[in-house]
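Accompanying notes for the structure given below.
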Amino acid sequence: MPVHPIRRDTKPRPGLSHAGREQDLPHAEAWLEEKIRSDGVHELYALSSRDVAGSLAFALLLGRRKQRQDARPLLWVREKKGGGCHCVPYGPGLAELGLDPATVRLLCLPDGKAVLRASLDATRDGAASSMLIELCGRQKLLTLTATRRLALAAAETGTMVLLVRSNAEPSPSAAHTRWQVTCAPSHPLEAGAPGLPAFALTLLRHRGGRDGLNLIVEWDRDTASFRERAANADIAAAPVSRPASTVDACRAGNERGPRAA
């Protein structure tokens, strides 16, 4: 099943008008609280290579959000062959987002098999508040059975599992939700100061619930929470161009990702 791009039409659709969002989705925090189980498995798909960094940042912020009630560290597991381990997360960047670098553990492993095995063991152990699993390309071992094991372990230990995928198409899984994540232009602050990090989200799948919802959220590091962008907010100009090719998407995205995070 292909990853569908976020709709850019401006015509109101049932349940997605601004008034409808206020009725059905009081604010971003309540919406995410409803959809993203703190003891579940959630898939985050980057729309393009430019969105890998944004998808990783969104996953990290979901982990930070959970740490408001759960002080356990966040474990970030990635594979070396995808190019992600050529650089490490940028500490000042994490701090700027409101994450304490001391609470983030990074584990680089040889391949996807090792990543999945270590992630399942760590989830079963329950030492981490959130498990961020970064995988690039097609992963033959990431089957329905494998994700079901992760889901069972997550429910048992209260661990939130975040599967960040790039250069890949969704496949059958036991994930509670599946998201498409893209970077959104920031709303500039006073005197042209940089705006809050913003993400455009599409809920592609919600097990036992409603999918197909779109939302643009901003991250407030002071409250460690997300908020919905106002419909009439002025935003900074979007980049003039985006790379059309996704060749070597893993390497390009991961080299940008840690410092952007």
Side-chain angles (χ1 to χ4, degrees), residues 5-10 12 16-22 25-33 35-36 42 44-68 74 76 87 89-101 103-104 130 132 162 164 166 179-203 213-243 252-261:
I6 292 178
R7 299 178 179 89
R8 301 297 181 185
D9 59 286
T10 56
L16 287 180
S17 67
H18 185 60
R21 282 202 304 268
E22 289 180 346
L25 314 170
H27 49 77
E29 269 297 296
W31 193 67
L32 294 173
E33 186 73 28
K35 307 300 180 185
I36 301 184
H42 308 281
L44 310 176
Y45 280 82
L47 180 61
S48 72
S49 60
R50 275 186 74 103
D51 296 308
V52 175
S55 299
L56 288 170
F58 182 64
L60 286 167
L61 295 176
L62 288 175
R64 171 66 185 94
R65 179 174 166 271
K66 189 187 178 189
Q67 285 180 329
R68 292 181 306 184
L74 181 150
W76 182 353
C87 52
Y90 186 51
L94 294 175
E96 183 65 23
L97 289 175
L99 289 99
D100 180 357
T103 66
V104 179
S130 301
L132 196 169
L162 302 163
V164 177
S166 60
W179 303 81
Q180 178 180 279
V181 183
T182 65
C183 303
S186 294
H187 177 199
L189 303 179
E190 295 181 4
L196 300 176
F199 307 90
L201 310 176
T202 294
L203 182 56
L213 298 175
N214 299 330
L215 193 69
I216 294 181
V217 298
E218 297 176 328
W219 171 254
D220 186 342
R221 70 173 186 180
D222 294 331
T223 60
S225 63
F226 291 97
R227 67 188 189 193
E228 184 178 1
R229 171 179 288 165
N232 59 350
D234 294 329
I235 59 174
V240 175
S241 62
R242 296 169 66 91
N254 282 322
E255 286 179 355
R256 293 170 60 91
R259 296 193 67 87

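Computation of the quantities below employed the complete heavy-atom set of this structure, encompassing side-chain atoms and omitting hydrogens, waters and symmetry-equivalent molecules. Only a predicted model underlies this, so the values are computations on that prediction, with no experimental measurement involved.
With hydrogens and angles disregarded, a donor-acceptor distance shorter than 3.5 Å links the side chain of Ser186 to the backbone of Leu196. For Asp51 (side chain) and Cys183 (main-chain N/O), a donor-acceptor pair under 3.5 Å exists by modelled atom type. Listed for the Trp179 side chain is no donor-acceptor partner under 3.5 Å among the backbone atoms of Leu201.
Here OG1 of Thr223 is found 7.5 Å from CZ of Arg68. Values are rounded to the nearest 0.5 Å. Here the straight-line distance linking atom OH of Tyr45 with atom OG of Ser166 works out to 10.5 Å at 0.5 Å rounding. Leu74 CG to Arg64 CZ: the interatomic distance, rounded to the nearest 0.5 Å, is 11.0 Å. Leu99 contributes atom CG, which lies 6.0 Å from atom CG of Leu60 (distance to the nearest 0.5 angstrom). With rounding to the nearest 0.5 angstrom, the CD1 atom of Ile216 is 12.5 Å from the NE2 atom of His187. A distance of 11.0 Å separates CD in Glu218 from OG in Ser225, rounded to the nearest 0.5 Å.
Nearest approach of Pro185 to Ala198, heavy atoms of both residues: O-CB, 3.8 Å. Pairing each heavy atom of Leu97 with each of Arg221, the nearest pair is O-CB, 3.5 Å. When every heavy atom of Pro89 is checked against every heavy atom of Trp76, the shortest pair comes out as CG-CZ3, 3.4 Å. Closest heavy-atom contact between Leu132 and Ala59: CD1-CB, 3.8 Å. In terms of heavy atoms, Gly63 sits closest to Ser130 at CA-OG, 3.6 Å.
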Could you go through the side-chain contact (heavy atoms from CB on, under 4.5 Å) check for Gln67 and Asp100 one step at a time?
CA-CA 11 Å; Gln67 285 180 329; Asp100 180 357; over 6 Å; no

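Within the 4.5 Å cutoff, the side chain of His42 has no heavy atoms near those of the Leu62 side chain. With a 4.5 Å cut-off on side-chain heavy atoms, Lys35 and Leu203 count as touching.
Tested against Phe199, the residues Leu44, Leu215, Leu61 include a single side-chain contact (heavy atoms from CB on, under 4.5 Å) partner, Leu61.
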